[in-house]
Structure formats: C-alpha cells, structure tokens
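First the structure, in the form of structure tokens, and then the observations on it.
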Protein chains: 2
Amino acid sequence: MNRDDDLGRHSGGHEDSFSDVEHRIEITRQRLPGYPLEHARLARLITHMQKLQTDICNAVLKPYELNYVTYTALMMMYGSEEQTLTPSELSNATGEKPTNVTRICDELLRKGLIERYPSVEDRRRVVLRLTAQGERQVEQFQPKIWKALDKIYGQLSQAELRQVTGLLRRPLSNLDG
Amino acid sequence: MNRDDDLGRHSGGHEDSFSDVEHRIEITRQRLPGYPLEHARLARLITHMQKLQTDICNAVLKPYELNYVTYTALMMMYGSEEQTLTPSELSNATGEKPTNVTRICDELLRKGLIERYPSVEDRRRVVLRLTAQGERQVEQFQPKIWKALDKIYGQLSQAELRQVTGLLRRPLSNLDG
DNA sequence: TAGGAATAATTCATTAATGAAATATTAAAA
DNA sequence: TTTTAATATTTCATTAATGAATTATTCCTA
C-alpha cells in the first residue's frame, strides 16, 4: 500500500501511486484500438479517491467505533428535517443497498445513536431518527473529519472544487435527472 | 434505489438522485459552523459515482462471471509489461488490500485467466500473469465496458474529462507524491 | 370494494473484504 | 557472519455487503 513498494520494477523513479495506473491505461490504449483512455482514467481515479477517503475517514472514526458508512448514515440524518429519514431514503442517500441499511441501523440503534419506529402515515415505512446522543456524537467527531477532508482536498481552491463537482455531477443528472 | 422512491417526502419534485444529498449537506452547513460544504459535497459525489460505475460495470460483466474488482485486476495485468504483475503491485493498482488480492487471484486462477508462479529474482515475490485465455476474455468484454463508460461519462467532452481528471488527481500527488 | 400489482422493509443464506497473525525470504546492522 | 529488521504473501477468523425470498401494507383498477 506504500508508494515505494515496487520501486524499480515496472516503473522507474515515479511521482505518485496513481502514475503507474495511468501508465498501464496508456499501454492498454496502445494495445486496444478504440479504448476510451480518458473515460478509463477518470473511472479509475474515482475508485482510487473513494478508497482513499474511506480509509482516511475510517482511521479518524475508529476511536468512536464508527466507519465511513455508519458515519455517512448519521450525517444524512443530521442534515434531514427533524433528523428523520426512512430506510429507503437512507439507501438513496448513502448508496447502500436496502438490506445493508437494515444492518447498519441495527448497529446504530444498538449504540443508541438513532431510534426506529413505524411510520404513522404509511405503515409499510419505518422512521429513523437521530437521537440527542447521536447528535452530540456527530458534533464531536465532525471537526476531525474536516481535518481529514482538508488533508485530502485542501490543495483545491473553492473555485476548483466547484468546477470538479459541477463536472462530476453531470453524469448523475443525465442518468436519472 | 430509484429516483422516485421517496417522492413527496422531504424533497418536492426533484431533479436527480443527488440533489437530496446536496440539500442535506446544505442543512448541515447551517447547523454546523465551520462545516466544509464543498469538501463534503465532493467526497459524497465521489462515493456516489464510484457506486454508480461499479453497479453499471457489474451488470455488464455478469455474463462473464466477473465483477468490477476482478475486471480491474485483469485490466491492470493487460496494461503491464509482459502482462505480468506481483500481488503487491496489483494491490496498489486496484486499491484492494493484499489479503483480498490473494482471494481475487485464486478465483482468476481457477478460471484459467491468469497464472501464478514464484519470482526467480526475489523468492518472496509471486508473479501473476494474464494467460492467453485471459487476454481473449479481456478483448471480448472490453467493447461492452466502453459502452457502459460512455453511458456514464459520455456527456463530458475530452477537455472536460481532462479538466476533472487533472483536478481530482491532485490530492493523490499531494498525499504521496 | 375485491383482487392484483407495487412498494417498504426485513430475514436468511451466501459471497466479499478486512485485520491479525504466520511463514518465508531478503536486506541491513552489529 | 550472525542477528535483527523489513518486505511479500498467505492463512484464518471475523465482519461487511449482497441477492433472493418473505411479510406487511398501500395503491390501483376493473
């Protein structure tokens, strides 16, 4: 997992952990006519960034016995009206499959960070709500997450951040907007 | 998992699956002074995009009994000199933990798509190599992956793709370059 | 308003991914 | 050159995530 792991093999002195990947993508481009280099590179970059931010956040959250997924669930509730959400909304918000949402909520419930009760308007639904303890928890670890995010994205200006986000956002609007 | 799942609850008529998330991030910004909205939004967007491309590629790869992770492993070998890589290089290239790389390679081996033998220069190491069958397999499913990637990123111009990639790449060079 | 289709959440069995420890080998230090 | 440290991979036990099927409720329509 270290940038120097494979020094002197396929790559000479190299710049960072992703340049080897880029090099492999370029080779592939040479071998496969029609290979969409830019698409492949972005796809791979997204995967790498996702892993990076997950790992870094996990490290920060470990002392709280939380991880990136449970943390995200809490934050989505924190940002909802009445700190309230249904499992399917939470599934959409986090990208976790409904079946996993059930498990995640079992865990948060066990920790007393959320509560869960049947909806009154629609009795198929379930209501998930952040408890007071859950809110305190969120407010406690947030600053550390901010530091972590800053370590990752701190070199990008606000303008650049908006630019990336604007562009990266487009596929989502295209596909289901 | 559908954009209409939670119609008429917390969101009014909405644009796409991500705008609810953005709205929650804005609420959070209001509740938590100091909350780095742009960082949080980009982080969340990356997670969503990663899930999206994983799901879409998995659908394409299902007929070949492969998934996004095993596919990535094959592609990284395809793009390497001699179609050859060590497990630790593969771990770096894919972002999978070494222990998972072992499992993945067991599977690819069982399918005859790669071969595995001890390195002669350094007997701690192991050499993984794409077989002829593996190469054929790659070349067979590639066009379908291209179509999938195009569905996702096709609305971005080459210039825009390079722009996103350039910006998104910076954190990786900063952190370990 | 009865009956079938759709939606929401969950359970259960299975697969995927991880961390900690073990093994083997090489590199570095004393 | 022996000892110690570092690297590479794997094994094993545990946790996390998924898909398929199930249950309960609501929506729709004939």
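These numbers were taken from a predicted model, which means no experiment stands behind them. Convention: sequence-line order gives letters A, B, ...; per-chain numbering from 1.
Of the candidates D:dT18, D:dT25, D:dT9, the closest approach to any side-chain atom of A:Asp122 belongs to D:dT25. The B:Glu96 side chain lies nearest to C:dA17 when the options are C:dA17, D:dT18, D:dA17.
In this structure, B:Asn100 places its CG atom 17 Å from P of D:dT15, rounding to the nearest Å. D:dA6 atom P lies 17 Å from atom CZ of B:Arg125, rounded to whole Å. If you take NZ of B:Lys97 and P of D:dT15, they are 18 Å apart, rounded to a whole angstrom.
At a cut-off of 3.5 angstrom, the base of C:dT25 holds no donor-acceptor pair with the side chain of B:Arg123. Between the side chain of A:Arg124 and the base of C:dT7, at least one donor-acceptor pair of N or O atoms lies under 3.5 Å.
Residue B:Ser88 places at least one side-chain N or O closer than 4.0 Å to OP1 or OP2 of D:dT9.
With hydrogens and angles left out, the side-chain atoms of B:Glu139 and B:Tyr78 include a donor and acceptor closer than 3.5 Å.
Salt bridge B:Asp106/B:Arg103: absent, no basic N to carboxylate O contact under 4.0 Å.
Residue-level contact check: B:Val101 touches neither bases nor backbone, having no heavy atom under 4.0 Å from any strand.
Using the six-membered ring where Trp is involved, A:Tyr153 and B:His39 have ring planes that are tilted, between 30° and 60° apart.
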